[in-house]
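Below you'll find the structure, written out as structure tokens, and then a few comments.
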Amino acid sequence: MINIPKGTKDVLPSQSYKWQYVENTAREVARVFNLKEIRTPVFEHTELFTRGVGDTTDVVNKEMYTFEDKGGRSVTLKPEGTAGAARLFIENGLASSPMPVKTYYITPCFRYERPQAGRLREFHQFGMEIFGAESFTQDAEVILAASSFLEKLGVRTRLEINSIGCKTCRAEYNAALRKYFAPHLDGMCPACRARFGKNPLRMLDCKEEACKKIAAAAPAITDYLCADCADHFAGLKNLLTAQGVEYTVNPRIVRGLDYYTKTVFEFVSDAIGAQGTVCGGGRYDGLLEELGASPLPAIGFAAGIERLLLLMENTSAAFPEDGKPLIYVAGLDDACRAEAFKTVCFLRSKGIAAETDHTGRSVKAQFKYADKLGVKFVAVIGGDELASGEIKIKNMSSGEQTAVKCADIYAYLTKE
RNA sequence: GCGGGCGUAGCUCAAUCGGUAGAGCGCCAGAUUGUGGCUCUGGAGGUAGCAAGUUCGAAACUUGUCGCCCGCCCCA
């Protein structure tokens, strides 16, 4: 027996409708917010991620599925969606389209990590990326879209936002952080000592107790934002408030991907274990330039579909019912089953979900099976029906039986 | 990469002191000959994760190994 690879999950026939519901909801939100779908390859040149996501990040350093293909090229299974979206935007010259360019995707992603609750090696994201708008109103729109998506799914989360500044104010802030942390370095973990040189921002996010204590008194980015970034953040907060979106400012959220600038945000839940971030995103005004294109502001988010599903199940969120066939056509013997098959083919050609027997079961067993399928009607074809050209159709909830002429079955089924 | 927990039927789980494997659910069939849900009866289904060791005897005890789960790190 060969079993499923570590950190991956099957979606079973009894569960797929839940995925479809989440995906359909995502597409509906995208439609209302005027986003167009994009699809990028599952693998890209490794360099896209080392440059795009950032080679100081854990995602790039230890979590990528990287391999050499037969032509000796280094390729990587996408660990996230933004870099590929940016590559698509640049490579296809979308910079010459009317701005902003608003896109979304639903895609598998891959990270080589130890699996735990809400964390898989293959997972799925619904994400949106919007290129070419620098206004805080665009930030607000993206957060509103995420919020609306979560609300439609009936899940409760808290929204945490922060601003991590632009190139200029971040440089100043990093200097301030280094100045603050320098005398404390001896008491901090090795990871933080490494972060000190590369990206001191992330020292704020360390979970080690000792580091946490030291970081607690560190200067806050919000005190170092340049006038432009401060206005941007203030404008965003005002807009969110005006739209009735509750949020808290959490100066600790810095996010682990290097491309973020200015606004960052997370929708977090406590109901799904330690990995509580259901949706996260932010602005990445420097990414396109980093990838070699002309500078262009952009912002986006990604929501983890498995985490959402987990959250929905843990909080008994409502799913719509799974689809069921409308009618089961039972046949008494082989001749009748042949007639039942014909009838079902006809109904299906008319767009009616119909089912019939393929196992040679008794009529009784066919009824049992039909009941388990949850059909509304069962039609029985026996010798009498073959002779008379009328079929008895039973309503499974009321138990009533009606004789219907073969030619009128479709009309009967669609009359309500 | 590190820490903790757990591996018995498709699923959820039992079995006194080590004595050679069970229930519920699910599946299939039947309860007088063409009709579901409830009930009853029967059936199929297990190399006890795997491998060593201790023992007259191991699902149980020991060791190793593999797998899964949860947590750390990080993130969706």
Side-chain angles (χ1 to χ4, degrees), chain A residues 1-9 12 14 53 56-64 78-82 106-127 146 157 189-192 194-195 202 205-209 211 253-257 266-269 272-281 300-311 328 330-333 336-337 340 359-386 392-401:
Chain A
M1 178 57 204
I2 297 171
N3 41 24
I4 196 169
K6 194 188 192 69
T8 63
K9 279 252 187 326
L12 301 179
S14 60
V53 176
T56 70
T57 62
D58 274 15
V59 167
V60 167
N61 281 321
K62 38 185 237 192
E63 296 171 4
M64 294 209 298
K78 55 165 104 164
E80 52 88 61
T82 302
I106 296 173
T107 182
C109 294
F110 304 85
R111 293 183 198 171
Y112 190 87
E113 302 181 88
R114 283 289 287 271
Q116 71 187 69
R119 197 177 68 190
L120 295 167
R121 288 183 174 181
E122 182 192 31
F123 60 101
H124 299 261
Q125 290 188 336
F126 161 51
T157 54
C189 70
C192 276
R195 289 166 182 142
R202 274 218 222 94
D205 204 27
C206 188
K207 305 294 191 299
E208 295 285 331
E209 270 314 311
C211 304
I253 61 170
V254 298
R255 310 199 51 71
L257 277 31
E266 293 183 358
F267 289 84
V268 189
S269 165
I272 54 172
Q275 309 301 324
T277 302
V278 147
C279 172
F301 74 76
I305 297 182
E306 284 86 350
R307 285 186 189 177
L308 271 171
L309 254 7
L310 197 59
L311 177 55
Y328 183 97
L332 179 64
D333 54 25
C336 298
R337 268 191 272 270
T359 65
R361 276 194 260 245
S362 68
V363 168
K364 185 194 191 78
Q366 290 181 61
F367 262 87
K368 282 192 182 180
Y369 181 67
D371 186 52
K372 279 168 201 154
L373 291 181
V375 299
K376 194 167 178 190
F377 299 105
V378 174
V380 190
I381 300 182
D384 299 349
E385 286 79 5
L386 282 185
K392 276 187 213 123
I393 297 182
K394 180 167 179 175
N395 181 317
M396 293 295 272
S397 50
S398 70
E400 278 172 51
Q401 285 207 93

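Predicted model, so just to flag it, every value in this text is computed and none were measured. In what follows, chains are A, B, ... by sequence order, proteins preceding strands, each numbered from 1.
Residue A/Ala302 is in sugar-phosphate contact alone, with no base atom involved, counting any heavy-atom pair closer than 4.0 Å across all strands shown. A/Glu266 comes within 4.0 angstrom of no nucleic acid atom, judged by non-hydrogen atoms across all strands. Among the atoms of the strands shown, none is found under 4.0 Å from any heavy atom of A/Gly127. Using a 4.0 Å heavy-atom cutoff across all strands shown, A/Val380 reaches at least one base atom of the nucleic acid. Counting any heavy atom pair closer than 4.0 Å across all strands shown, A/Leu120 reaches a base atom.
For A/Lys364, a side-chain nitrogen or oxygen approaches OP1 or OP2 of B/G36 to under 4.0 Å. For the pair A/Gln116 and B/G71, the criterion of a side-chain N or O lying under 4.0 Å from OP1 or OP2 is met. One finds a side-chain N or O of A/Lys9 lying less than 4.0 angstrom from the OP1 or OP2 phosphate oxygen of B/C69. Taking only side-chain nitrogens and oxygens, A/Lys372 comes nearer than 4.0 Å to OP1 or OP2 of B/C28. Residue A/Gln366 places none of its side-chain N or O atoms closer than 4.0 Å to OP1 or OP2 of B/U35.
Annotation: B/G46 and B/U32 have their P atoms spaced 32 Å apart (nearest Å). With both ends at atom P, the span from B/U65 to B/G1 equals 14 Å, rounded to whole Å.
Summarising the base pairing, B/U65 is matched to B/G49 through a Watson-Crick or G-U wobble pair whose two defining distances lie under 3.5 Å. B/C17: no Watson-Crick or G-U partner with both key distances under 3.5 Å is found in any strand.
Taking only distance into account, the side chain of A/Gln275 meets the base of B/C74 through a donor-acceptor pair shorter than 3.5 Å. One donor-acceptor pair, N or O on each side, does fall under 3.5 Å between the base of B/G36 and the side chain of A/Lys394.
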Polar pairs (N or O, both sides) under 3.5 Å between protein and nucleotides 1-10 of chain B?
unit_1	atom_1	unit_2	atom_2	d
B/C2	N4	A/Arg114	NH1	3.0
B/G3	O6	A/Arg114	NH2	3.2

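Here A/Ile106 contributes atom CD1 and A/Gln125 contributes atom CD; the two are 11.5 Å apart, rounded to the nearest 0.5 Å.
The shortest distance between side-chain heavy atoms of A/Phe123 and A/Arg307 does not fall below 4.5 Å.
Nearest nucleotide to the A/Lys6 side chain, out of B/G36, B/G71, B/C68: B/C68.
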